[in-house]
Amino acid sequence: MSAIAGLIHLDASAVDRDTLQRMQSLLTPYGRDAQHSWHQKNAGLTRTLLRTTPEDSLDQQPLWRGSEKLAMVFDGRIDNREELFEKLGINDAQAALMPDSELVYQACQRWETDAPQQLLGDFALACWQPHKQRLWLSRDPLGMRPLYWYQRQDLLAFATMPKALFAIPGFTKAISEEQLHDYICLIPRSDSKTFYKDVYHVEPGQVIVFENGERRTHFYHRFDPKHELHLDSDEAYVEAFREQLDQAVKRRLRSNGAIGAELSSGLDSSTVTATAASLLAKRQQSLVAYTAVPREAFNGPVPRGRHADESIGAKAVADRFANIEHILVRTGDKTPLDDLQEVVELLDRAPLNTCNMAWWIAIRQEAEQRGVKVLLTGSMGNFSISYDGYPYLARLARTGRWKTLYNVYKGLKQRQRNMRWQNMVRPCLAPLVPNVVWRLREAARGRAFRLKNYSAIKPDWSKQMGTQQRAKQAGYDTSFQPAWQGRQQRIQAMQTMENGDYNALANTYGLEMRDPTADVRLIEFCLAVPESQYVGDGHFKWLLRRLMQDSLPPEILEAKTRGLQSADWYEQIDRSLPQIREELEKLKAHDSANDYLDIESLEKALDEWPTNSARGSQEVELRYRIRMLRGLSVGRFIRYADEQNQ
């Protein structure tokens with residue numbers, strides 16, 4: 001993995017080498033193993049490298065060959081190397097000495113801006129063609145590596161993280177109020193804007209070309225909601241799924257060090273861990289599996305339907321594989337505020353789930369000490385391997401397939417006796433009822449858009465920004481929306497995800513995060529599978545359950561409750577009450593933070609902090625874990641941005 005940056009002086013003046021060096025220095029924490037720059041006339045490129053694959057030892061970026069009239073910097077990992085070798089006519093002897101960056105360089109020579117559609121893996125790249133005075137940027141279809149850009153009349157710049165752009169003289173961290181507002185309100189980001197004015201991100205699956213004072217963009221990849229796969233039998237879908245999943249995991253096992261995995265008690269991480277362990281066993285390699293757990297003897301209240309200790313299910317998975325070393329990770333006396341400043345500075349934005357950062361960091365620190373170079377995750381599993389198929393019920397109702405719907409419901413009821421009929425009726429009837437009826441019903445029952453329940457936004461500012469209208473413009477209708485188009489629903493959700501910054505953050509701990517459930521080919525397969533394969537035999541997530549029925553233990557496959565991350569979060573708040581009060585005082589004294597955040601209500605919430613079993617209620621979760629901690633996170637980001645400008 002690398003961090004990359006570049007400067008192009010559009011007025012033909014010589015590139016500012018001091019600025020390029022500052023950009024490189026700011027990106028060094030994301031690429032600790034090597035740092036190099038290239039400059040020629042009005043252009044300069046820089047790359048800082050973290051070696052995570054065997055081929056990374058051969059990386060010589062930035063790449064430039066005058067005869068080819070192309071300069072390039074590349075951040076990422078290419079998973080279809082053999083396919084590209086064949087297409088590009090590269091023999092085995094050449095391939096053995098070729099890092100991913102050189103392979104991509106040759107692809108860009110051959111196909112220019114069409115090269116990204118030939119690449120499989122996590123990547124961001126920048127190509128400069130001086131003879132055309134053309135720069136083009138691109139990212140992978142899931143946006144697993146970040147890339148930002150900035151343009152003014154005389155200058156064009158790009159960087160892995162925004163902080164490197166602020167090395168440019170005269171360019172400051174001015175917050176974009178629109179994007180900050182939407183982030184506080186959890187309105188999905190739907191375009192290239194960021195938290196900073198005049199800083200934009202290359203969107204996943206996009207190519208941006210800057211040439212002759214113009215900017216052109218196109219998407220080289222889009223998931224197809226209409227494509228459907230038709231196989232001969234239920235078993236055929238399982239076998240095809242097995243091949244796709246194995247390949248997705250295998251593609252992510254190329255490493256120059258130990259391999260680890262995040263292992264919870266959920267289906268996604270359990271599936272990734274079990275599959276990786278099986279594949280590594282054939283190579284006589286081990287896997288280190290990390291499970292975040294509360295303090296020992298924790299027995300506090302948790303919301304209904306959740307469990308606090310995920311180590312029980314995780315241990316049952318690990319015990320099935322002799323090559324898994326299972327490690328429980330506890331955060332000790334850490335509080336949500338302890339690492340917040342460092343995380344904000346490295347992310348260049350506010351983390352969304354503040355209370356989870358303690359174990360997120362603890363796992364990566366422990367992995368770093370053990371020499372782990374690759375950490376497997378299953379973050380995108382809900383959209384791919386563990387899609388539950390729930391919209392299938394609505395589709396059956398919408399198409400009038402009542403007999404099939406009855407049989408599906410009967411099977412679910414037999415297998416899941418605690419399922420209430422209300423859980424079935426609403427999604428089934430939704431497609432048959434005009435949306436206006438649902439709006440009236442929601443309003444009558446007092447369930448209209450209650451922003452104050454989960455957001456610390458200041459009411460006056462919310463009204464000024466037109467929160468309701470902005471939410472609808474972003475495709476986030478606050479009224480009830482019948483969900484019967486499962487594919488489209490998943491595709492739209494994936495388009496709002498932004499994983500790149502967190503993956504870059506992990507690089508500062510000397511390792512690379514890889515998510516097999518975010519594999520493009522695996523996702524395309526899962527999207528194409530008919531909805532009927534996801535609900536059957538009395539189960540949601542039927543396809544994955546059939547695949548893993550012999551690999552995962554009953555503690556996972558038959559679990560009646562879901563794990564709760566950071567289940568002891570309220571004990572962390574207990575320890576940090578003085579810190580929180582001090583932080584709120586600083587925010588009150590800060591003009592911008594006080595304009596954006598409802599500090600008074602956060603202080604009131606702190607005064608009413610519960611000390612009994614009510615801590616496990618949904619109301620307390622919303623008011624404190626979501627609203628308060630996210631408010632504090634955003635407040636720290638606002639202070640960070642403003643302090644940098646002083």
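Starting from 1, each residue takes its place in the sequence as its number.
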Sub-4.5 Å side-chain heavy-atom contact between Y454 and R630: no

Full working for side-chain contact (heavy atoms from CB on, under 4.5 Å) between C108 and V104: CA-CA 6 Å; C108 292; V104 173; 4.0 Å; yes

4.5 Å side-chain heavy-atom contact, L632 and T354: no

Any donor-acceptor N or O pair under 3.5 Å, side chains T19, R22: yes

Smallest separation among heavy atoms of R47 and A34, with atom names: NH1-O, 3.6 Å

Check: Q21 main-chain N/O paired with S25 side-chain donor or acceptor under 3.5 Å: yes

Check: Y196 ring centre within less than 6.0 Å of Y148 ring centre: no

Under 3.5 Å donor-acceptor, S13 side chain and H9 backbone: no

Beyond-backbone contact of P116 with W136, side-chain heavy atoms, under 4.5 angstrom: yes

Side-chain ion pair, E211 and K132, N-O less than 4.0 Å: no

Approximate separation, where rounding is to 0.5 Å, of L125 CG and Y105 OH: 13.0 Å

Criterion side-chain contact (heavy atoms from CB on, under 4.5 Å) on L50 and R32, from CA distance to verdict: CA-CA 6 Å; L50 174 69; R32 61 176 67 172; 4.0 Å; yes

Under 3.5 Å: donor-acceptor pair, side chain of T331, backbone of A358: no

Under 3.5 Å donor-acceptor, D75 side chain and S2 backbone: yes

Over all atoms of both residues, closest heavy-atom pair of W461 and I184: CZ3-CD1, 3.9 Å

Salt-bridge present (R639, E583; N to O < 4.0 Å): yes

L155 vs F171 side-chain heavy atoms within contact, under 4.5 Å: no

Whether F210 and W149 hold their rings parallel, tilted or perpendicular, with breakpoints at 30° and 60°: perpendicular

Straight-line distance of Y290 OH to S264 OG, nearest 0.5 Å: 16.0 Å

Straight-line distance of S101 OG to Q60 CD, nearest 0.5 Å: 8.5 Å

Side-chain touch F219/P204, heavy atoms, less than 4.5 angstrom: no

Spacing of L587 atom CG and Y596 atom OH [to the nearest 0.5 Å]: 13.0 Å

Validation row: I638, V634 side chains within 4.5 angstrom (heavy atoms): yes

Flag, side chain of D154 to backbone of D11, donor-acceptor distance under 3.5 Å: no

Verdict with reasoning, L49 to Q61, per side-chain contact (heavy atoms from CB on, under 4.5 Å): CA-CA 9 Å; L49 175 67; Q61 294 189 72; 5.7 Å; no

Heavy-atom side-chain proximity of T46 to V73 below 4.5 angstrom: no

Side-chain donor or acceptor of Y200 paired with backbone N/O of D191 under 3.5 Å: no

Short side-chain to backbone donor-acceptor contact, T291 and L263, under 3.5 Å: yes

Under 3.5 Å: donor-acceptor pair, side chain of Y30, backbone of L346: yes

Contact summary for R364 and L511, nearest pair of heavy atoms: O-CD2, 3.9 Å

side-chain hydrogen bond (donor to acceptor under 3.5 Å, both in side chains) between Q369 and Q365, intermediate numbers included: CA-CA 6 Å; Q369 293 173 4; Q365 289 176 334; over 6 Å; no

Test item: side-chain donor near acceptor, D338 and T335, under 3.5 Å: yes

Salt bridge flag under 4.0 Å for residues R252 and D519: yes

Polar side-chain atom of T160 near backbone of I4 as donor-acceptor pair, under 3.5 Å: yes

Shortest non-hydrogen contact between G378 and T517, atoms and distance: C-OG1, 3.5 Å

Salt bridge R65-E102, side-chain N to carboxylate O under 4.0 Å: yes

For P146 against D501, the heavy-atom pair lying closest together: CB-OD1, 3.4 Å

Partner of E582 by side-chain contact (heavy atoms from CB on, under 4.5 Å), out of Q579, E585, K586: K586

Passing candidate, side-chain hydrogen bond (donor to acceptor under 3.5 Å, both in side chains) with D122, options R139, R77, R145: R77

T508 side chain vs A504 backbone, donor-acceptor pair below 3.5 Å: no

Nearest atoms (heavy-atom pairs only) where L20 meets W38: CD2-O, 3.9 Å

Plane angle bin for Y640 and F637 - parallel if under 30°, tilted between 30 and 60°, otherwise perpendicular: tilted

Rounded distance [0.5 Å steps], CZ in R51 versus NZ in K373: 9.0 Å

Min side-chain heavy-atom separation M161-L27 under 4.5 Å: yes

Verdict with supporting geometry, W569 and Y624, side-chain contact (heavy atoms from CB on, under 4.5 Å): CA-CA 10 Å; W569 66 273; Y624 295 96; 3.7 Å; yes

Check ion pair R514-E512 (N to O, under 4.0 angstrom): yes

Between CZ on residue F74 and CG on residue D100, distance to nearest 0.5 Å: 5.5 Å

